[in-house]
Structures are given as structure tokens and as C-alpha cells.
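This report refers to the structure that appears directly beneath it.
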Amino acid sequence: MPDERGLVRPNWGQAWHGRSARADNGGMAGRHAVSILACALATLAGWCLLAVAHGGNESVDAEGHHWWQHAVFYEIYPRSFADSNNDGIGDLNGINARLDYLHWLGVDAIWLTPMFPSPQVDFGYDVSDYQNVNPEYGTLADMDRLIAEAKKRNIRIILDFVMNHTSDKHPWFIESSSSRTNPKRDWYVWKDSAKQNQPPNNWVSIFGGPAWKFDPRTNQWYYHYFYPEQPDLNWRNPAVERAMFDVTRWWYRRGVSGFRLDAVDTLFEDPDLRDNPVMDNEKNAYGDPKEKDVYNTKLPGIHDVLQQLRRVADQSKAVLIGETWTRDITELKSYYGAHGNELHMPMDLMFTTVNKLSAVEFRRQIAAVDGAGGWPVYVLSNHDIRRVYDRYGDGKNNDQIAKLMAALYLTLRGTPILYYGEEIGMENRDPRRREDVKDPIGKLGWPNEKGRDGERTPMQWDAGANAGFSKAAPWIPVGPRFAKYNVAVEQKDPGSILNFYQRLLGLRHKDPALVEGKYMPLNENDAHVLTYLRSYKGRNLLVLLNMSAAAETVNLDLASKGVHAQRALPMLVSSSNSKAIGATQFGLGPFGVYIAELR
Ligand code: NOJ
């Protein structure tokens with residue numbers, strides 16, 4: 001997980017080579033055939049109601065698409081979004097107070113990163129109680145209110161399901177570690193020393209150091225893929241499965257609409273605990289030997305768990321999104337399940353590894369995901385991945401580039417997940433000194449790995465103290481240049497990144513071609529401009545994205561795709577120096593965006 005500037009950071013596990021590809025997601029079509037027919041009869045273009053789900057009506061459109069395929073998701077890191085009680089830490093009531101903003105922006109669903117009780121070693125990804133709210137963030141009543149208030153604005157809430165591990169302060173682990181004969185002993189992965197005082201095998205933790213911690217009380221080691229404070233659950237134990245599935249049922253009953261599944265790749269370990277292959281003479285940011293995670297990631301058992309979890313989710317018409325760090329499309333496809341019966345949306349995190357503005361590379365990656373047979377989900381950054389502004393900005397045209405990237409992931413066929421603050425052009429603020437670092441991996445890996453604080457800074461609401469996040473000093477300093485890049489200032493500026501996002505989302509909600517339309521790449525040899533159509537029912541929406549710092553002229557090659565156009569009606573243009581010269585010829589300013597309907 002090297003933290004080179006400009007590189008996406010996480011690489012939770014490496015590809016496991018032994019597993020074969022599963023078939024594509026062909027089951028999807030059949031499952032919806034009857035609904036599609038019913039809907040088509042009911043209405044040609046609009047929506048029809050098919051079933052009543054727990055929290056309201058579940059709508060399926062004429063193409064058989066569900067709410068989560070129409071939705072724009074917005075990821076909130078609760079600690080950093082809005083602080084209602086002025087203790088410097090964001091909270092649920094703070095989020096509640098900002099729902100109108102999210103509604104204005106055009107958000108349909110919020111993914112809350114973990115807000116459960118937790119010692120906060122990994123800022124919530126070390127859960128000590130799955131059925132409550134961390135007191136720093138509020139109460140269960142606040143959560144219920146948030147769900148209800150969001151629903152009034154047609155916004156759904158999904159939670160982060162930390163499946164692979166709990167906190168070492170979770171009562172399950174406390175019991176498990178109390179004795180070798182405790183009934184919960186087998187809820188975690190305990191093993192004897194390999195040799196005297198030696199861990200059971202060579203596995204290293206993705207967060208540095210050995211993946212085993214010795215417990216002198218019972219003279220055994222427990223396994224942790226992440227921090228030692230995050231012991232791995234033993235998913236081979238049916239009692240663990242039952243308890244964890246019940247957690248999801250409990251939240252569905254409270255009105256949540258699904259889960260983002262944390263670290264799915266890491267649920268299972270090789271039963272024989274074989275050593276991982278080590279890469280010769282290569283060290284990671286923490287100085288450990290680099291390993292291929294062959295025996296502790298992507299083991300086949302994952303798919304059975306996902307299928308069962310999907311059955312539970314389906315009973316509540318809930319959605320499952322996976323944190324899936326796949327090496328290739330074959331692996332990504334496997335997470336949809338052979339019959340479309342696993343994850344609704346495995347995140348295509350390979351998209352985040354295209355770390356330069358390259359029309360060629362994005363075109364290749366989009367084609368692969370679009371052709372994978374499932375419903376794509378596009379992400380550019382999140383609480384583990386450096387912000388877009390930093391990764392793609394050239395220092396001169398950053399605002400144009402932020403708009404360009406917005407236009408990319410918000411006009412593709414698939415569901416976009418927007419990380420809070422991207423819409424205002426927030427940038428990373430990495431700690432400058434080791435003693436300022438909050439994220440433990442940043443302390444351990446300093447200076448190679450500075451941790452993830454930089455992408456977790458407080459949301460910038462206005463130009464006032466602490467960017468309007470809190471009246472108290474925030475738990476982590478606010479980002480640079482918040483006085484210019486904030487919601488209040490940008491809402492008033494028609495040319496701002498925020499207003500561009502808002503217009504894009506408006507377009508996405510209004511124009512069926514952007515949701516239903518087929519993705520059709522054009523001018524595939526163009527190294528600078530990424531060009532595609534979104535085609536639906538004979539309408540063609542054209543998207544031109546200039547990924548270069550030079551002005552470009554594009555002559556559309558439509559004939560080879562059997563498309564004809566007499567005019568281009570502009571729908572969204574990022575700068576005045578991008579324009580149509582004719583129906584099939586366009587001039588684009590540096591990093592310009594041009595979205596038009598071809599007639
Ligand atoms: C992935 C999460 O996104 C990350 O923030 C966390 O540290 C690890 N999983 C461990 O839960």
C-alpha cells in the first residue's frame with residue numbers, strides 16, 4: 001500500500017490466482033422479464049410500482065431497473081461531515097441538518113461509513129456493537145430520525161457492514177479470548193504457535209507487522225488482517241454467520257436500504273494456513289516483506305456467504321454494494337454471482353487505479369466494466385483514496401479537471417458513488433508531521449505512508465471558522481483553501497464546481513438516456529478526448545471529455561456506429577471555449593466537457 005503522491009492508496013490484498021471465473025450475470029434478465037412486461041404495459045416511459053418494501057414502495061422501471069440503479073449515492077464519513085453539538089466531531093444530527101443540501105444537490109442515497117460504537121482505532125471500522133450508535137455520533141433515536149427525515153426527501157440510507165472483523169473490545173471477542181473452551185472461542189481465528197514463540201504462518205497484516213497477535217492468557221495467536229485491534233471473525237462458524245445476518249435484518253427493520261460490505265475479499269483464510277508467497281527483496285511501506293495474499297484473500301467460501309446475505313437482503317429489497325478490490329474483470333464479475341445472486345454492485349475499484357488523465361486508459365477500463373454483464377458502479381475517491389483534485393489536478397486547471405472528472409463518472413452507465421466534498425473540489429490535506437497523524441497506518445508507515453487523514457478532513461460548508469463544520473476545533477484540521485472552496489460560496493457562483501455537479505445530477509435525473517442508455521464509445525483512437533454516446537430509444541446523448549491541457553477539435557465518427565445527426569443541442573458545457581462547430585465537429589477547451597443531444 002505505497003503512499004506515493006498521486007497514487008491511489010489501498011490495495012487490500014492481492015489477486016488470488018487459484019479461483020476460476022464465474023459466469024456472467026445472465027440471471028438478471030430472466031428475473032426481471034415478467035416485471036418488465038408488466039411495466040411496459042403499464043407505462044412506456046415512466047415508472048411503475050411493483051412491490052411494497054419495508055420502507056416504502058419499491059419501484060422498477062420499464063427496463064427492469066431498481067432504485068439503486070437510478071440512484072446517485074453519496075458517501076458520508078460521519079466524523080467529518082457536520083458537527084451539531086460543537087464538540088469538534090461530526091454527528092448524525094449534523095447530517096440530518098444538511099439533508100436539504102443533499103436533496104438540492106440531487107443525492108438519492110447516503111452511504112454512512114461506520115457509525116456504530118467503536119474504540120475508533122480504525123475510526124469506526126473496529127465495531128464493538130453492531131446494533132447501536134457510537135455516543136460521539138448520537139443515539140439510536142437520532143439514527144431513526146435521520147432515516148425518517150431522509151426518507152421524506154426520497155433519500156435512502158445504507159450502512160457500512162464491517163463483516164471481516166470486529167473490535168477487540170466487542171463482547172464476542174472478549175468472551176472468545178477469555179478461555180480456550182469458551183463457547184465463542186471459535187468465533188475468531190485462534191491458532192497455536194508454529195514453532196516456539198512463532199506466529200502460525202508468515203502472513204503480514206495489510207496495516208503493517210505480522211497478521212497474528214499472541215495472547216498470553218490462552219497461549220494462542222489470533223488472526224487480524226487489519227490492525228491487531230480488529231480480530232478476524234471466523235466465517236466458517238455457522239453461529240458467526242447467523243449472528244451477522246441477524247445484524248443486517250435488524251437494521252433493515254429499522255429502515256436502512258442496504259449495506260456497503262467492507263473488505264469482502266478477506267472473509268476467509270486457507271484452512272491449512274499455508275504461507276503466502278513472498279516477493280523477493282520487496283518491502284511494503286511498513287518495512288514488511290511484500291507478500292501475495294494467495295491464502296488469505298478471495299477464497300471461494302466468500303461466494304456462499306454473499307449468496308446467503310443476498311437472500312436476506314432480497315427479503316427487504318435492500319441493496320448490497322461491495323468493497324471489492326479486484327485484479328481484473330473476471331474477478332469483478334465473480335462478485336455479481338453466477339446467477340446475479342451475490343452483490344448487486346461490486347465496486348469497480350480498478351477504475352480508481354487509472355491515475356492519470358488518459359482517455360485511452362479510461363476508455364479501456366470503462367469498456368471492460370460496461371461489458372462485464374452486471375450493473376457497474378463507479379467510484380473515483382473515498383475515505384481511503386486520495387481526492388480527485390489531488391490525483392488528477394495539474395496545479396493550473398484543477399477546477400476544470402474536477403468538472404471533467406465529475407462529468408466522467410456521472411454520465412456513464414452505472415451507479416456513481418460521490419465522496420462528500422468532491423462536489424466542491426475539496427483537496428487532500430495530508431499531515432505535515434508524524435505527531436499530527438490520526439490514522440494509525442500513517443504513524444506506523446511515516447513518511448512513506450502518511451495515512452488517510454488527508455482525504456477525511458471536515459466538510460467545507462462556508463468561509464467562516466472551521467469551514468462551518470463546527471464551532472469547536474475539528475478532530476482533524478480543515479482542508480486548505482476552504483475559504484474559496486465551500487458550499488456557501490460555490491452555491492452563489494454559477495461557474496463553480498458545485499453548480500456544475502448540481503446541474504449534472506439534475507440532468508442525470510431528468511434524462512433517461514443517462515440512466516438507461518447504452519454506452520457506445522466513439523472515436524476510439526483519439527488519445528486525448530474521451531467520446532461516447534448514451535443511446536436510449538433512438539435518442540443519442542453525446543459526451544465529449546477533453547483529457548488534455550490543449551484545445552482539441554473532434555470530428556465525430558458516427559457513421560461507423562450507424563448514427564446520423566444534423567444538429568447538436570448543448571445540454572451542459574463546462575467552459576465557454578468548448579463549442580459545437582457543426583453537428584459532428586466540436587471544439588473543446590483544455591479539459592473541457594461538452595454534453596449534447598444529437599438530433
Ligand atoms: C476498508 C475500509 O474502507 C477502511 O477504511 C478500513 O480501514 C478497512 N476496510 C478495515 O475495515
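Remember, it's 1-based here, ligands and their atoms both numbered in the order they're listed. Note that the coordinates shown come from a computational prediction; the quantities given were computed from them, not determined experimentally.
Close approach to His383 involves these atoms of ligand 1, each under 4.0 Å from a residue heavy atom: 2 (C), 3 (O), 4 (C), 5 (O). Heavy-atom proximity to Arg452, at under 4.0 Å, picks out these atoms of ligand 1: 4 (C), 5 (O), 6 (C), 7 (O). Against a heavy-atom cut-off of under 4.0 Å, Phe207 is close to the following atoms of ligand 1: 7 (O). Using a 4.0 Å cut-off to heavy atoms of His165, the atoms of ligand 1 that qualify are 10 (C), 11 (O). Each of the atoms 5 (O) of ligand 1 lies under 4.0 Å from some heavy atom of Arg456. Residue Asp122 has at least one heavy-atom neighbour below 4.0 Å for each of these atoms of ligand 1: 6 (C), 7 (O), 8 (C), 10 (C), 11 (O). Which parts of ligand 1 touch Asp384 is read off a 4.0 Å heavy-atom cut-off, strictly below it: atoms 1 (C), 2 (C), 3 (O), 4 (C), 5 (O).
Using a cut-off of 4.0 Å between Lys/Arg side-chain N and Asp/Glu carboxylate O, Asp288 and Lys290 are scored as not salt-bridged. Between Asp246 and Arg249 there is a salt bridge, since a side-chain N of the basic residue sits under 4.0 Å from a carboxylate O of the acidic one.
For Met163, the closest heavy-atom approach to ligand 1 does not fall below 4.0 Å. Heavy-atom separations between Tyr225 and ligand 1 are all 4.0 Å or longer. Distances from ligand 1 to the non-hydrogen atoms of Glu75 include no value under 4.0 Å.
Cation-pi geometry between Arg253 and Trp251 is not met at under 6.0 angstrom from the ring centre and within 45 degrees of the axis.
Residue Lys443 qualifies as enclosed at atom NZ: its count of foreign heavy atoms under 6.0 Å is above 12.
Of the candidates Arg433, Lys438, Arg434, Asp436 forms a salt bridge (Lys or Arg N to Asp or Glu O under 4.0 Å) with just one, namely Arg433.
Side-chain contact annotation: Asn296 with Asn276, donor-acceptor N/O pair under 3.5 Å present.
Using a 4.5 Å cut-off on side-chain heavy atoms (C-beta onward), Trp212 and Leu273 make contact.
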